[in-house]
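Here the structure is laid out as structure tokens; the discussion comes afterwards.
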There are 2 protein chains.
Amino acid sequence: MLNYRQLHYFWVVARTGSIVRACEQLNLTPQTISGQISLLEQTYGIALFQRVGRQLELTEAGRKALPYAEQMFQTGNELEAMLRAQPDEQQILFRVGVADVVPKSIVYRLIAPTMELSEPLRITCREDKLERLLADLAIQRLDLVISDSPMPTHLDIKGYSQKLGECGISFFATQALADRHPGAFPQCLQGAPLLIPGAETVIRSRLQRWFAEQQIQPKIIGEFDDSALMQAFGQSGSGIFIAPSVIADEVVRQYGVALIGQTDAVTESFYAISVERKVKHPGIVAITEGARRELFTALP
Amino acid sequence: MLNYRQLHYFWVVARTGSIVRACEQLNLTPQTISGQISLLEQTYGIALFQRVGRQLELTEAGRKALPYAEQMFQTGNELEAMLRAQPDEQQILFRVGVADVVPKSIVYRLIAPTMELSEPLRITCREDKLERLLADLAIQRLDLVISDSPMPTHLDIKGYSQKLGECGISFFATQALADRHPGAFPQCLQGAPLLIPGAETVIRSRLQRWFAEQQIQPKIIGEFDDSALMQAFGQSGSGIFIAPSVIADEVVRQYGVALIGQTDAVTESFYAISVERKVKHPGIVAITEGARRELFTALP
DNA sequence: ACCTACACTTCGTGAAAACCGAAGTATACG
DNA sequence: CGTATACTTCGGTTTTCACGAAGTGTAGGT
């Protein structure tokens, strides 16, 4: 019989990447979690983690198991939220999935308008790979997916995309790094260390085309599927990184980096994907209208 | 923090319909399960079951919670199977969903051919409402769905139906009940107590049309979405019930009932619904070919 | 090279929980 | 109205879980 508590610890450790961080989240001590996970591994005679340096890393088996656990406890959290909400009753659920390539502050600004609706919404927000989010959209476990690309056609799922807006991109670096690559933008990018979005993103290929046109060859030193992670590396001075221009001010402020330059020749778009049930969800309406009115007003 | 063990007990009790049966499955005593579920209810201050007679029934909250639990532990079971299978490695997964209106012995006969393939399959079989199965098909948590109707068009899911076969239906009753309604078939059905498939099934409406044509008004005393349940009631002598003619012999033998008559004017069809990935799953091939070759050979 | 900080592990103990036997209550059925 | 069945309640017992103390191994600075 599978021990769901142990599996839960496994999940938290896997997603936080370390036992210590899992402890903070679970209010437990490391030896407890370490022990319980060892027991789990023992039960099935298979290692889920392996030590790499002083961190833990998923083994092959662990990587296989993680999506199952993910699904289980994601559902578990929703169930718990539902059980707790029972008494006060009937606020409308609004379940949003966010593709991990979308910068968090964009997401925040997109979703913020839904918080101020007259009818109280209960918002659930989840981040994942686009494909998985769309699957959940199909079975109506999500009401809306926010992504940087419209609905792909190769999936066996119907969905309707709605463009929220489009904007140019800006380049950022720590001041020290920026000083090392002086000169006019964009020529200053020549040979500079660059962090770029992963191969699966839309903006990646546009960016590369633009570099070719400008006859600039930056030195790509990192690829990231998750924009927050990319920005974290950028903040440490590893390389120059990009973000949509609408959040340029915020990036400069929050990460303490310098704006190197910006272009509208490369644009990033954002889409709201829904199944478009007969009744439009108030949350979706708020997001699409809010995006048009406030976030992307300066653009066509 | 949600107690997953208690939730698991809740799930088993809900799906078996009784604590005692859950005990058999979990190797526990009733007082344990009863107690643990009470604790769960206490934690969230909400009843999940209510006593009806000496059985338990889901409350409104329980009904809301069940699909979540279903999802969780279904996934949990798959995970466990995967973890166990790890050592011997690489047998092809074949996950089949069966709509509950399809008689079990038909399902068995359809699936049986896959057991004898040269390449070893690991078959997972799940029974549920058609709609839920199709949702899981869309996100590739299932490879095939077997149903009595082709892919409905109103869902936001793509799927491809393939007709497995078609056959007439037969009427059955206990000998005692049959004796009470003597005479030639189908006139003997006039005024006889009848158990029929639920309103959502395809055969239901065909059956009613046929009765109208024959100018027969049976007395409908029960509707069932689950064919096994209908047959159980039929076995107890509650009423006359139907089943596809291909399994007539088996129904007579297994339930100890008499065959009253059969007609090919009302037919029941069975379909295999898949997402038709590039590569045809060996299990799907085996089922469609097996159906054509063995089960429904006598028909066009 | 060595010291310190950090992350995970091992071991033994104590507390919490889960579980069971016995007995009790309530319902269905003949 | 008695018997069988299903769920509950109430102790006591067993098992599981969690922590403190101490240990191993790695990273990084001096």
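All values reported here derive from a predicted model rather than from experimental measurement. Chain letters run A, B, ... following the sequence lines, proteins first, then strands; residues in each count from 1.
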> Between A:T59 (side chain) and A:L48 (backbone), is there a donor-acceptor pair under 3.5 Å?
Replying inline: yes
>> Is it the case that the side chain of B:K219 and the backbone of B:Q217 share a donor-acceptor pair, with hydrogens and angles ignored and the cut-off at 3.5 Å?
In response: no
>> Working to the nearest 0.5 angstrom, can you tell me the gap between B:M72 CE and A:L79 CG?
In response: 7.5 Å
> Yes or no on salt bridge (charged side-chain N to carboxylate O under 4.0 Å, His left out) for B:D136 and B:R95, after CA distance, side-chain angles and deciding distance?
Replying inline: CA-CA 10 Å; B:D136 279 349; B:R95 300 157 302 181; over 6 Å; no
>> Using a 4.0 Å cut-off to any heavy atom of chain A, which nucleotides of DNA chain D are the first and last in contact, reading 5' to 3'?
In response: D:dC17 to D:dA27
> Reckon B:S38 touches a base, only the sugar-phosphate, or nothing at all at heavy-atom distances under 4.0 Å?
Replying inline: nothing
>> Without decimals, in angstroms, what is the distance between A:I33 CD1 and C:dT9 P?
In response: 11 Å
> C:dC6 P sits how many Å from A:E24 CD, rounded?
Replying inline: 13 Å
>> Applying the ring-ring contact (aromatic ring centres under 6.0 Å, His included) criterion to B:Y4, which one of A:W11, A:Y9, A:Y4, A:F73 satisfies it?
In response: A:F73
> Where is the tightest heavy-atom contact between B:G183 and B:C188, given as atom of each residue plus distance?
Replying inline: O-CB, 3.8 Å
>> If you define the side chain from C-beta out and look only at heavy atoms, does anything of B:T201 sit under 4.5 Å from B:F224?
In response: no
>> Under 6.0 Å between ring centres: does that hold for B:F171 and B:F185?
In response: yes
Quick one: which protein N/O atoms are closer than 3.5 Å to N/O atoms of nucleotides 25-30 of chain C? Pair and distance per line, please.
residue: C:dT27; atom: O2; partner: B:R54; partner atom: NH1; Å: 2.8

> How would you list all residue pairs meeting salt bridge (Lys or Arg N to Asp or Glu O under 4.0 Å) that involve residues 33-53 of chain A, not counting sequence neighbours?
Replying inline: none
> For residues 23-38 of chain A, which residue pairs qualify under salt bridge (Lys or Arg N to Asp or Glu O under 4.0 Å), counting only residues two or more places apart or in two chains?
Replying inline: none
> A:E250 and A:R253: salt bridge (charged side-chain N to carboxylate O under 4.0 Å, His left out), yes or no, with the steps?
Replying inline: CA-CA 5 Å; A:E250 201 172 321; A:R253 202 174 338 110; 5.6 Å; no
Distances under 3.5 Å between protein N/O atoms and the N/O atoms of nucleotides 17-21 of chain C, please, pair by pair.
residue: C:dA18; atom: OP2; partner: B:N3; partner atom: ND2; Å: 2.9
residue: C:dA18; atom: OP2; partner: B:Q6; partner atom: NE2; Å: 3.3
residue: C:dA18; atom: OP2; partner: B:Q36; partner atom: OE1; Å: 3.1
residue: C:dA18; atom: O3'; partner: B:R5; partner atom: NH1; Å: 3.4
residue: C:dC19; atom: OP1; partner: B:Y9; partner atom: OH; Å: 2.9
residue: C:dC19; atom: OP2; partner: B:Y9; partner atom: OH; Å: 3.0
residue: C:dC20; atom: OP2; partner: B:T29; partner atom: N; Å: 3.0
residue: C:dC20; atom: OP2; partner: B:T29; partner atom: OG1; Å: 2.9
residue: C:dC20; atom: OP2; partner: B:T32; partner atom: OG1; Å: 3.0
residue: C:dG21; atom: N7; partner: B:Q31; partner atom: NE2; Å: 2.3
residue: C:dG21; atom: O6; partner: B:Q31; partner atom: NE2; Å: 3.4

>> Do the side chains of B:E223 and B:R204 get close enough for a salt bridge, i.e. N-O under 4.0 angstrom?
In response: yes
>> Counting only heavy atoms not in B:Y108 (residues, nucleotides, ligands), do more than 12 fall under 6.0 Å from its OH?
In response: no
> Looking at five pairs on each end of the helix from C:dA1-D:dT30 to C:dG30-D:dC1, what is the angle between the two axes, given to 10 degrees?
Replying inline: 30°
